[in-house]
Amino acid sequence: MELEQFPQEIRSYIFPKHKGDQIYRCLACGNEYEIKELLYTCPSCGQVFLIYDRDFDQLKQIDGAVWRKIFDYRKMLSIPELKGIYLYHEFIGPTVPLDAVVYLGEAHTPMIEANRFLQEKLGVRFFVKNDGQNPSASFKDRGMASALSYINYLIKSGAVSDILAVCASTGDTSAAAALYASYLQPHVKSAVLLPHKKVTPQQLSQPLGSGARVFEIPGVFDDCMKVVEALSERYNVALLNSKNAWRILGQETYSYEIAQDFEYDMDNKAIVLPIGNAGNITAVMSGFIKFYETGIIKALPKIIGVQSQHANPVFRYYAATSECRQFVPVTVKPSVAQAAMIGNPVSMPRVIHLAELYNRLSGRQNVFVVEVTEQAIMEWELTANRNGHITCTQGGESLAGLAVAQKLGIIDKNETAIIDSTAHALKFSGFQEMYFARQFPSEFGISYKSDLINAPVLIETDKQDDSLQQFIDTSARAIAVALNLKTKELSKE
Ligand SMILES: *Cc1c(COP(=O)(O)O)cnc(C)c1O
Ligand SMILES: [Zn+2]
């Protein structure tokens with residue numbers, strides 16, 4: 001659509017103009033640092049940052065109704081830089097000029113209403129917003145688009161050159177990092193650290209395919225994270241884990257899109273999402289808070305974080321009464337929600353900070369964390385996918401979390417839930433295979449229900465008389481018998 005065709009009142013805003021004054025702010029000591037360089041933790045106290053815009057209040061001078069129109073009409077522009085996460089440029093990266101934006105097709109993922117069977121089974125109206133439909137097939141692309149656009153801006157402005165981007169990963173961070181870095185080669189190269197045998201073959205193939213240097217480390221994600229932190233402290237590398245606060249900004253767009261998908265009506269809505277390193281729940285809370293503070297949404301939706309019993313430090317923290325809360329990392333056990341199998345989430349201080357603010361702004365408790373079993377995760381994933389979805393095991397975890405929230409009365413009848421399926425089902429098909437073959441190692445604690453199991457049937461034809469016609473006839477007959485098909489009444493000519 002051409003500029004003259006946009007409504008008068010939004011014409012001057014349709015191309016982002018707000019420059020912003022973004023800084024890193026330490027969540028412990030409150031110190032602020034310029035964003036001229038990449039910083040991950042506070043040089044004075046070591047705590048993680050969030051990035052704030054000192055000029056954020058300027059955005060409040062534009063009416064919420066005008067913002068809603070800006071975002072809705074912006075979708076009609078054919079400007080690639082404004083099609084992905086930077087549709088919301090003013091809210092996530094006003095400092096990053098549009099010509100530095102890296103857009104690889106991320107964001108604007110579909111919101112699909114669950115079918116009747118699933119909604120009746122759960123007793124709640126719900127939708128699945130599938131972030132598996134991103135370029136590297138997980139929500140991590142939102143964060144990488146933000147981090148790499150910022151790095152691209154530093155490169156273009158001559159502040160840095162020849163970046164080596166590194167990350168530790170449960171599989172999806174490395175896929176996304178390697179993809180976005182490879183788009184910027186030769187200026188950006190990437191190296192990823194994976195826990196040996198703790199990522200799926202599909203996830204391993206992704207950074208290899210993107211040309212990253214791939215290192216496998218014995219142990220779990222938390223061990224890889226320590227190594228990569230040491231690398232980023234001692235050497236000249238760019239850390240792409242969600243410790244990097246630029247990641248959080250990009251992932252806020254998941255909230256903005258939900259708001260937009262529901263025409264900004266967030267009354268009686270609940271977002272259900274898995275928690276691993278806790279970057280995503282941080283971003284989702286932060287996103288809704290920004291839209292609420294600027295009057296774009298009138299209510300804050302309920303946030304329900306979900307953890308597996310095998311990796312539940314955040315659940316444990318909130319299960320204690322508020323006076324006794326103390327964060328204690330846990331040692332993880334094997335989990336089918338492997339991408340969230342993290343015992344010491346880097347973003348925990350951000351979660352504590354934002355959940356407190358979120359509840360205060362809501363005027364009631366509005367952030368919850370529930371715990372689910374491995375069995376429930378697996379069964380809900382398989383069930384969702386038998387009903388028209390393509391959810392990953394972490395999506396199954398979200399669904400299992402919705403079921404628990406419903407039982408505990410955290411969610412009630414008049415509410416609509418939005419389930420975050422964080423990656424594509426295909427990345428995690430190995431867990432489905434283990435279930436179908438009844439071959440889970442015992443540490444997962446999975447038992448099998450035959451009605452959830454599926455397997456291919458090999459049609460064998462007699463090699464003796466395999467003329468083409470015979471082959472077709474025997475095969476068709478065997479399939480007809482297996483499916484119990486009735487022969488057609490041939491109409492008489
Ligand atoms: C990374 C990841 C998670 C966990 O998100 P955090 O931001 O680490 O809490 C969940 N699901 C998938 C598929 C992931 O890749
Ligand atoms: Zn500090």
Side-chain angles (χ1 to χ4, degrees), residues 38 40 102 104 106 131-132 134-152 160 162-248 250-251 276-277 279-280 332 338-347 392 394 422-424 426-428 430:
L38 253 175
Y40 315 108
V102 182
L104 301 185
E106 67 285 343
D131 255 20
N134 269 304
S136 81
S138 87
F139 75 83
K140 300 294 201 303
D141 292 329
R142 296 178 184 272
M144 288 305 164
S146 169
L148 271 301
S149 295
Y150 166 68
I151 288 175
N152 196 29
V160 295
D162 296 326
I163 298 270
L164 178 64
V166 298
C167 66
S169 177
T170 53
D172 293 331
T173 300
S174 55
L179 175 68
Y180 283 79
S182 70
Y183 192 79
L184 294 177
Q185 65 93 10
H187 303 292
V188 182
K189 294 193 167 59
S190 68
V192 307
L193 280 66
L194 302 172
H196 186 50
K197 297 218 155 101
K198 301 276 184 329
V199 305
T200 72
Q202 295 86 337
Q203 289 172 317
L204 177 59
S205 80
Q206 290 186 287
L208 289 172
S210 295
R213 298 289 301 271
V214 177
F215 298 94
E216 295 185 290
I217 289 180
V220 293
F221 170 83
D222 297 290
D223 304 303
C224 293
M225 192 65 215
K226 290 199 186 96
V227 177
V228 91
E229 280 172 336
L231 279 173
S232 70
E233 275 154 28
R234 294 175 204 166
Y235 301 92
N236 202 4
V237 293
L239 179 70
L240 287 184
N241 282 95
S242 53
K243 194 165 193 178
N244 177 335
W246 289 95
R247 284 269 314 276
I248 304 295
Q251 290 169 206
N277 221 7
N280 213 28
V332 296
Q338 189 167 261
M341 204 177 99
I342 295 175
N344 190 11
V346 163
S347 281
C392 61
Q394 294 68 221
T422 43
H424 200 289
L426 290 176
K427 286 203 192 209
F428 296 90

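Treat the numbers as computed from the prediction; the structure is a model and nothing was measured.
Glu106 and Asn134 form no side-chain donor-acceptor contact under 3.5 Å, judged by distance and modelled atom types alone.
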Show the atom names and distances, to 0.1 Å, of all donor-acceptor pairs under 3.5 Å that link a side chain in residues 184-195 to residues at least two apart or in another chain.
none

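Between Val346 and Asn241 the shortest side-chain heavy-atom distance does not fall below 4.5 Å. Between Val102 and Ser149, some side-chain heavy-atom pair lies under the 4.5 Å cut-off. In this structure the side chain of Asn344 never reaches within 4.5 angstrom of the side chain of Met225, judged on heavy atoms. Using a 4.5 Å heavy-atom threshold, the side chains of Leu38 and Ile151 count as touching. Side-chain contact between Tyr180 and Asn152: absent, with no pair of heavy atoms (C-beta onward) separated by less than 4.5 Å. Within the 4.5 Å cutoff, the side chain of Val220 has heavy atoms near those of the Met341 side chain. Looking at heavy atoms from C-beta onward, Arg213 lies out of side-chain contact with Leu164 at the 4.5 angstrom threshold.
Remark: of the listed residues Gln394, Gln206, Gln203, Gln338, Gln206 is the sole one forming a side-chain hydrogen bond (donor to acceptor under 3.5 Å, both in side chains) with Lys427.
Other residues, nucleotides and ligands place no more than 12 heavy atoms under 6.0 Å from the OH atom of Tyr183.
Ile342 and Val332 make their closest contact through C-CG1, 3.6 Å (heavy atoms, listed as atom of the first residue, atom of the second, distance).
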